[in-house]
Amino acid sequence: MNNAHIEVQNLSKTYRVPQRQSGLGAALRSLARREYTEVTAVSHLSFTIQPGEMVGFIGPNGAGKTTTLKMLAGLLHPTGGTAVIDGYIPWERQPDYLRRISMVLGNKSQMLWDIPPLDTFHVLGEIYGLDKTAWQQTVDELTAVLQMEDLLTKPVRNLSLGERMKCELVAALLHRPSVLFLDEPTLGLDVSMQRRLRQFIADTNRRTGATMILTSHYMADVAELCPRVILIHHGRLLYDGLLGQLSDQLAPFKLIRLTLDRDNGSADWRERLPEGTAVLNPDPANLTLRVPRRETSAITAYLLNTLPVVDLSVENPPLEAVIDQIYQEAAV
Amino acid sequence: MNHNHQGGLALIRATWLSWMQHRSFFFILAFGWMMQPLIFMFVWATAAGDQTIGGLTRGEIVAYYLTLILVNQITYSQTNWTVGDLIRGGDMNRLLLLPMSPLYNTLASELAGKVVYLTFVLPIVLLLTLLLKPAFNLTAVSLFAFLPALLLAWLLRFLWGYALALLAFWAARADALLAVQDALVFLLAGQAAPTLLLPPLLRTLAVILPFRYMVGFPAEVLTGQLNGTQLTAGFVAQIGWLAVTLLLYQVMWRRGVRQYTAVGG
Amino acid sequence: MMHLRLIRAFISASAQEEAAYRANFYISLLHSLLNFATGLLGLGIIYGQVQTIQGWDYASALAVLGVYLTVSALRGLMMGPSLDALAGMDGEVWRGAFDFTLLRPVRTQFLVSVRKWRLFALFDLLLGLLVLGTAVTRLNHTLSLYHIAAFLLALAAGLLALYAILLAAASLVFWDPGLMVGWVFDSVFQMARYPVGLYPGWLRLVLTWIIPVGFITSIPAAALSEGLSWELLGVSLAFALVLAAGASWLFRAGLRRYASASS
């Protein structure tokens with residue numbers, strides 16, 4: 001019995017981008033036979049998500065997070081692989097499936113601009129065919145939790161960014177979806193609003209038991225909300241597991257902290273370091289070195305032999321540094 | 001009738017234009033502006049058939065309208081729509097800081113626009129000339145008088161529109177007046193019919209009011225629809241209206257800027 | 001049933017949106033009246049000089065103008081605003097908000113076709129019906145039931161054809177947002193203000209069957225002024241259905257393209 005809520009296997013998406021060459025001749029030739037370059041956005045992604053789980057998609061810009069999310073929401077057709085959510089294949093776009101999911105896009109709005117949020121909620125209620133009392137109950141409940149009763153009757157264009165995001169969340173949750181896709185929900189919000197929305201999302205996850213997938217650029221969002229992360233890089237799955245263990249597995253280096261004996265010939269420590277070590281903190285009382293992960297033990301032994309070491313510890317680098325390193329590689 | 005232009009010009013401001021082929025955008029606007037005279041050319045030409053209407057043959061009607069399309073394109077000042085936006089949007093402040101009248105700024109973009117539009121309209125008019133066999137009865141007088149009539153028509157239409165657009169200094173939706181103006185131009189400036197074919201009341205209005213002298217008059221001059229007296233009277237009216245408009249512009253501009261700076265734009 | 005409730009919700013939301021811009025009311029009023037007046041006067045000027053053109057007398061040309069104003073009003077009531085909200089200058093596809101529309105558990109074509117209403121167009125509709133009514137009283141025959149039924153069917157065919165053209169033009173946004181086929185069509189649609197008979201023969205054919213703007217107004221008007229044969233009526237309906245099917249196919253192809261190419 002397989003009771004996974006979301007099951008993704010070998011999901012792939014390749015865009016065909018027409019190749020444009022300059023010059024009239026090339027343009028005419030391309031009319032006859034267009035040449036395409038293939039751009040791989042997502043490649044052989046596989047994972048399963050249990051009901052009620054909250055998973056963070058992380059990865060640098062262009063890694064394929066949003067593409068993956070859109071395929072799961074049925075907005076994009078994959079070029080390969082399968083996905084089954086709640087027993088449905090997303091891109092078949094069956095109404096019953098669409099009624100079960102919802103999406104929040106941090107940089108786009110589904111609110112009608114010139115009228116109060118309550119009226120947009122009305123329209124959404126009709127679109128999802130919601131029963132009047134159930135609708136009213138959901139609206140009351142959500143607006144009470146978000147403390148936004150006074151916003152309901154103001155035109156959306158007069159609301160602040162944070163207030164608008166509250167409305168977006170209500171709009172997305174009106175039909176009580178069992179799967180919620182959150183794409184950068186805290187984009188552009190100030191820190192305190194970010195914290196409050198995060199709290200709300202966590203509460204909603206607990207209360208409704210909806211499965212949630214979140215992408216965010218703010219590591220704080222992911223760290224606070226998602227015990228489990230899926231790191232996507234160049235469209236491939238790089239890591240799937242607990243956030244706390246990510247740096248363990250992925251950091252290509254380790255940190256060695258040393259305390260040297262000052263009185264006992266440590267003045268030329270710098271010359272005696274082996275190749276491949278980088279000095280992060282040059283204070284001999286708290287020397288910090290970054291060394292390649294695979295050579296950690298060899299270098300440790302070497303250091304213990306050649307330097308007057310009083311104290312030595314090996315650590316994983318902090319999460320932010322690892323992520324930053326991976327993201328930077330992506331930029332190259 | 002004017003929704004296209006209005007919408008189109010609002011777009012230019014919104015930098016929308018930058019990510020599409022500019023030229024095709026201008027062409028579509030120009031195509032829209034050609035439509036009215038084209039429709040009435042076909043209608044009148046069909047109505048004339050093998051006979052004449054009000055003394056005009058089919059060929060003469062076609063000649064008149066093809067000229068009118070060109071004159072209309074040359075004299076149409078699309079910037080009139082943007083001046084009001086400049087004022088409302090507060091961008092006029094920037095222009096007022098420059099050591100020259102903002103009129104020149106408008107004039108410059110006006111000229112640039114005309115070149116673009118004409119690269120589209122001219123070939124079409126030439127093609128229609130080949131297809132529809134217009135009868136141009138060109139004389140030395142009509143040729144000689146056409147250019148000054150055209151130049152005066154353009155100045156008049158440009159300044160008149162500019163003066164109206166300056167109403168935006170006082171009223172938020174002054175561009176509504178431009179819509180009324182376009183309707184009057186359609187009826188009285190020779191688009192719906194050559195002035196000759198208008199019913200008496202409208203004809204009298206057309207001769208008195210300035211609109212005919214912005215579009216229709218040069219076309220009438222070139223296609224030789226006017227006798228000597230009518231020609232002279234036309235030029236007198238054209239110059240007279242230009243003087244009045246110039247005065248109007250001066251007054252509006254001075255008062256407008258005073259009003260604008262007083263409320264702080 | 002659910003679709004009707006949905007439409008009612010859209011109308012009420014649109015009415016509120018419209019009310020948010022009350023200042024535009026007078027501008028809209030002015031534009032409507034100018035459009036009405038220039039149309040009538042233009043026709044008046046022509047028929048001040050001639051009695052009939054190619055068999056179209058003043059009353060029958062007035063009927064065409066009436067149909068034109070009526071059809072334009074119905075277009076402005078719902079089809080125009082809805083499809084503009086999809087593919088127009090500030091439309092969803094431009095803003096990237098189309099994803100939300102795709103997420104709805106309702107047929108997308110239905111949704112994009114009915115969700116924005118401009119109730120002011122009801123005033124335009126009134127003006128159009130007024131002209132149409134005037135035209136009918138000036139016809140020198142009384143209308144039989146067949147005339148009226150044929151007129152309504154031809155009008156429905158015309159509206160369906162107009163909807164198909166607008167939908168097809170809007171669908172092109174999925175290929176190239178810079179294409180402004182809709183604008184070009186708008187310009188050509190002006191020609192439908194007058195009977196196709198007022199244009200030269202080659203143009204008449206183009207306007208009836210190729211860019212069928214004349215089809216949309218002249219055939220219903222002819223149903224009133226001279227009556228339509230069963231054959232022409234049947235062909236008209238079939239033609240409109242073919243256009244609608246084609247447009248729907250193009251829209252679905254556009255959706256498929258969006259689903260495979262958007263990022």
Side-chain angles (χ1 to χ4, degrees), chain A residues 13-18 39 41 62 64 66-67 69-71 73-79 90-91 93-105 107-116 118-129 155-158 168 171-172 175 177 181 183, chain C residues 1-24 81-82 85 90-112 114-118 174-176 252-263:
Chain A
K13 175 74 187 172
T14 311
Y15 294 115
R16 290 176 78 212
V17 183
V39 178
T66 303
T67 303
L69 222 52
K70 284 189 170 183
M71 285 191 281
L75 296 171
L76 273 182
H77 243 273
T79 36
W91 43 91
R93 302 176 34 72
Q94 295 181 36
D96 278 342
Y97 175 66
L98 295 176
R99 252 188 278 274
R100 269 161 220 249
I101 63 163
S102 200
M103 197 165 191
V104 174
L105 300 168
N107 54 353
K108 287 163 197 166
S109 175
Q110 60 174 322
M111 305 302 294
L112 294 168
W113 208 239
D114 295 314
I115 59 178
L118 196 57
D119 296 302
T120 301
F121 300 156
H122 258 295
V123 174
L124 286 173
E126 295 293 346
I127 289 178
Y128 283 94
V156 172
R157 70 185 131 84
N158 295 343
E168 300 289 342
H175 58 286
F181 302 104
D183 193 17
Chain C
M1 202 52 229
M2 182 218 158
H3 284 73
L4 283 183
R5 287 187 49 157
L6 195 50
I7 287 175
R8 211 180 58 192
F10 284 137
I11 292 177
S12 107
S14 300
Q16 276 171 293
E17 285 184 290
E18 217 171 326
Y21 291 97
R22 236 165 295 168
N24 278 353
S82 293
D90 196 27
E92 275 191 344
V93 178
W94 281 97
R95 282 183 291 118
F98 184 59
D99 288 342
F100 288 119
T101 302
L102 279 178
L103 283 174
R104 308 298 179 216
V106 181
R107 221 161 74 90
T108 310
Q109 189 187 328
F110 172 75
L111 207 55
V112 301
V114 302
R115 69 183 150 171
K116 281 270 179 288
W117 294 67
R118 184 172 170 272
F174 296 115
W175 281 269
D176 181 356
R252 273 177 282 125
L255 288 185
R256 273 199 302 280
R257 189 186 154 83
Y258 184 84
S260 67
S262 78
S263 56

Student: With rounding to the nearest 0.5 angstrom, report the CD to OG1 distance, C:Glu17 to A:Thr120.
Tutor: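 Reported to 0.5 Å precision, the distance equals 7.5 Å.
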Student: Applying side chain to side chain contact (heavy atoms under 4.5 Å, CB included), run through A:Leu124 and C:Arg104 and close with a yes or a no.
Tutor: CA-CA 9 Å; A:Leu124 286 173; C:Arg104 308 298 179 216; 3.5 Å; yes
Student: Tell me, yes or no, whether the heavy-atom count around A:Arg157 atom CZ, taken from other residues, nucleotides or ligands under 6.0 Å, exceeds 12.
Tutor: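 Check passes, neighbour count above 12.
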Student: I need the residue from A:Gly74, A:Gly129, A:Ser109 with the largest number of non-hydrogen atom pairs under 4.5 Å to chain C.
Tutor: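 Greatest number of close heavy-atom pairs with chain C: A:Ser109.
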Student: Grab the two heavy atoms, one from C:Ala13 and one from A:Val123, that are nearest each other, plus how far apart they are.
Tutor: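 Shortest heavy-atom contact: CB-CG2, 3.6 Å.
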Student: How far does CZ of C:Arg8 sit from CD of A:Glu126, to the nearest 0.5 angstrom?
Tutor: 7.0 Å
Student: Which one, C:Ala9, C:Ala19, C:Ser12, C:Gly96, leads in non-hydrogen pairs under 4.5 Å with chain A?
Tutor: C:Gly96
Student: Looking at side-chain heavy atoms only, is the closest gap between C:Arg115 and A:Leu112 below 4.5 Å?
Tutor: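 No, too far: nothing below the 4.5 Å cut-off.
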Student: What heavy-atom pair brings A:Leu75 and C:Leu102 nearest, and what distance separates the two atoms?
Tutor: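 Here A:Leu75 and C:Leu102 meet closest at CD2-CB, 3.4 Å.
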Student: Heavy-atom distance under 4.5 Å to chain A: side chain of C:Thr108, backbone, both or neither?
Tutor: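 Just its side chain gets close to chain A.
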Student: CG/C:Leu103 to CZ/A:Arg93 distance, rounded to the nearest 0.5 angstrom?
Tutor: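 C:Leu103 CG to A:Arg93 CZ: 7.5 Å, rounded to 0.5 Å.
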Student: I need the C:Ser14 OG to A:Ile115 CD1 distance, nearest 0.5 Å.
Tutor: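 Reported value, rounded in 0.5 Å steps: 8.0 Å.
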Student: I need the A:Met111 CE to C:Phe100 CZ distance, nearest 0.5 Å.
Tutor: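 Going from the CE atom of A:Met111 to the CZ atom of C:Phe100 covers 10.5 Å.
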Student: Hey, are the side chains of A:Met103 and C:Asp99 touching, using non-hydrogen atoms and a 4.5 Å cut-off?
Tutor: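 Counting from C-beta outward, A:Met103 and C:Asp99 never come under 4.5 Å.
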Student: Nearest heavy-atom pair of A:Ile127 and C:Val106: which atoms, and what distance?
Tutor: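 Nearest heavy atoms, A:Ile127 then C:Val106: O-CG2, 3.6 Å.
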Student: Is chain C contacted by the side chain of A:Leu105, its backbone, both, or neither, given a heavy-atom distance below 4.5 Å?
Tutor: both
